[in-house]
There are 2 protein chains.
Amino acid sequence: MGLFSKKKSISVQTIRRLPQYLRVLYDWHGYGRELASSTELAQETQVLPIVIKKDLQAIGAPSKMRAGFKIKGTITAIENFLGWDNLNKAFLVGAGHLGAALLGFSGFKNHGLEIVAAFDTHPERVGNEIHGVHVYHTAQLKSVIEEKKLKIAVLTVPGPAAQGITDTLVACGIKAIWNFAPVKLAVPPDVAVQQEDIASGLAELCAQLKSK
Amino acid sequence: MGLFSKKKSISVQTIRRLPQYLRVLYDWHGYGRELASSTELAQETQVLPIVIKKDLQAIGAPSKMRAGFKIKGTITAIENFLGWDNLNKAFLVGAGHLGAALLGFSGFKNHGLEIVAAFDTHPERVGNEIHGVHVYHTAQLKSVIEEKKLKIAVLTVPGPAAQGITDTLVACGIKAIWNFAPVKLAVPPDVAVQQEDIASGLAELCAQLKSK
DNA sequence: GAGATGTAGATATTTTTATATCCATATGAT
DNA sequence: ATCATATGGATATAAAAATATCTACATCTC
């Protein structure tokens with residue numbers, strides 16, 4: 001019954017819906033609106049009102065009875081919960097097609113992520129810039145990570161190379177890896193890994209298609 | 001109690017794990033192995049053995065008591081369940097960074113998807129080829145879809161354009177849309193939409209990071 | 001051949017997540 | 001002032017998913 005006993009664990013599903021709410025709330029905030037009800041958010045996001053209500057309650061978003069949630073305060077609550085209120089310095093390993101596409105995606109700055117370096121082994125990529133980000137040789141990982149104080153790794157290397165790179169990253173003290181390689185990474189328990197598998201989404205679509 | 005009454009609905013989570021099993025099974029099949037136990041698959045995929053057992057049972061994968069699941073038969077069962085045993089003709093709308101990256105991803109052919117056309121509105125893209133795929137003007141959507149008998153749409157346009165394109169696709173009779181734009185699409189109930197939101201994954205990673 | 005072992009199969013339980021229901025209340029209309 | 005109403009808040013229920021437990025059995029070892 002200590003000071004931290006009330007820290008409720010928030011469901012993964014809730015976490016995954018938060019960015020969706022955030023986008024709509026940014027939009028409305030831009031128009032000067034101050035309040036939004038779960039019903040209105042539901043129309044925009046196609047999430048059930050009650051789910052939205054519970055999600056926002058879970059992260060302690062401020063609300064006004066009968067009037068809805070305070071847009072500004074809810075934005076702050078979500079950003080704060082996700083740590084998107086200040087930028088984390090990130091880097092990308094594997095500057096192929098997908099890596100280059102991610103480097104060109106400007107939206108990350110709204111999501112707490114700033115990719116400030118890229119790494120690759122191909123001679124024709126090393127030394128160049130992609131969308132304004134310098135590409136170092138992978139051999140320089142350790143020195144650049146330390147020098148630039150990088151915190152988050154985005155992994156877009158081919159599957160067979162992923163675990164090897166990961167071992168290096170762990171050795172460099174990296175605690176967060178966003179993995180786009182179709183391989184489950186083995187890491188120590190204090191390292192966070194987020195696995196993105198494009199095939200999972202395609203499988204869902206195909207399963208839907210077969211059942212309709 | 002008709003002929004189709006036994007059709008159990010298979011969980012979304014199960015569907016999302018199937019491609020993961022498939023990759024490992026392909027690999028092992030390539031080495032000539034014939035049987036794999038759920039325990040062995042678990043080591044490779046970091047999914048609990050009992051989950052694997054239930055997933056494979058759900059899609060009717062063949063097994064041998066005491067020896068495990070038949071690799072070849074399980075591959076067939078998964079491919080068949082997902083409809084990945086024959087290619088669906090797909091097309092991509094929005095040939096920007098992400099679109100180009102997806103066009104360059106050769107793995108889709110193993111996943112029942114063959115992207116045979118791309119569409120865009122930018123003059124410098126229209127008429128060119130990207131990774132061997134011709135880029136048509138979006139105005140030609142209807143005619144090319146009909147001519148080439150395209151079935152599945154991959155949507156990689158900017159958010160504000162997504163719903164408009166979607167309405168066109170629906171009017172063209174498209175029944176499956178894989179949407180990478182950060183917008184929930186409104187479609188008739190007989191159209192399957194799979195939403196990919198890169199921000200959801202990032203949110204998960206950031207939430208993990210904060211709790212460690 | 002006898003027994004130990006690791007497996008799929010079946011069932012039961014627990015946990016998580018989604019959904020429904022009711023209540024108190026602030027707001028707006030009359 | 002009064003009343004109807006839409007809302008967040010709280011609680012209860014249902015559904016989905018994960019996890020545990022037990023059984024039967026084919027294979028291997030001795």
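Here is how names work: the chains are called A, B, and so on, in the same order as the sequence lines, proteins then strands, and each is numbered from 1.
For Gln46(A), there are no side-chain hydrogen bond (donor to acceptor under 3.5 Å, both in side chains) partners at least two apart in sequence or on another chain. Applying the salt bridge (charged side-chain N to carboxylate O under 4.0 Å, His left out) criterion to Lys175(B), with sequence neighbours excluded, gives Asp190(B). When the side chain to side chain contact (heavy atoms under 4.5 Å, CB included) test is applied to Ser37(B), the partners found at least two apart in sequence or on another chain are Thr39(B), Glu40(B). The salt bridge (charged side-chain N to carboxylate O under 4.0 Å, His left out) search around Lys142(A) returns Glu146(A), not counting sequence neighbours. With sequence neighbours left out, Lys184(A) forms a side-chain hydrogen bond (donor to acceptor under 3.5 Å, both in side chains) with no residue at all.
For residues 54-71 of chain A, the set of pairs meeting the side chain to side chain donor-acceptor pair (under 3.5 Å) definition, not counting sequence neighbours, comprises Thr14(A)-Asp55(A), Arg17(A)-Asp55(A), Tyr21(A)-Asp55(A). Within the structure, salt bridge (charged side-chain N to carboxylate O under 4.0 Å, His left out) pairs that include any residue of residues 192-201 of chain B comprise Arg23(A)-Asp197(B) (at least two apart or interchain). Pairs engaging residues 198-207 of chain A under the side chain to side chain donor-acceptor pair (under 3.5 Å) rule: Glu204(A)-Arg16(B), Glu204(A)-Gln194(B) [sequence neighbours left out].
Regarding Ile59(A), its CD1 atom lies at a distance of 14 Å from the P atom of dG8(D), rounded to whole Å.
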Nucleotides 16-20 of chain D: which of its N/O atoms have a protein N/O under 3.5 Å away?
{"from": "dA18(D)", "atom 1": "OP1", "to": "Arg17(B)", "atom 2": "NH1", "distance (Å)": "3.1"}
{"from": "dA18(D)", "atom 1": "OP2", "to": "Arg17(B)", "atom 2": "NH2", "distance (Å)": "3.0"}
{"from": "dT19(D)", "atom 1": "O4", "to": "Lys54(B)", "atom 2": "NZ", "distance (Å)": "3.3"}

Kindly give the atom pairs (protein nitrogen or oxygen, nucleotide nitrogen or oxygen) under 3.5 Å for nucleotides 1-4 of chain D.
none

N/O to N/O distances under 3.5 Å, protein versus nucleotides 25-30 of chain D:
none

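Under a 3.5 Å cut-off, the side chain of Lys148(B) and the backbone N or O of Phe91(B) do not form any donor-acceptor pair. Panel note: side chain Thr156(B), backbone Gly94(B); a donor-acceptor pair is recorded below 3.5 Å. Proximity of a side-chain donor or acceptor of Gln163(B) to a complementary backbone N or O of Ala186(B) within less than 3.5 Å is detected. Within the 3.5 Å criterion, the main-chain N or O of Val193(B) finds a donor-acceptor partner in the side chain of Gln208(A).
Nucleotides of DNA chain C that come within less than 4.0 Å of any heavy atom of chain B span, from the 5' end to the 3' end, dT5(C) to dG9(C).
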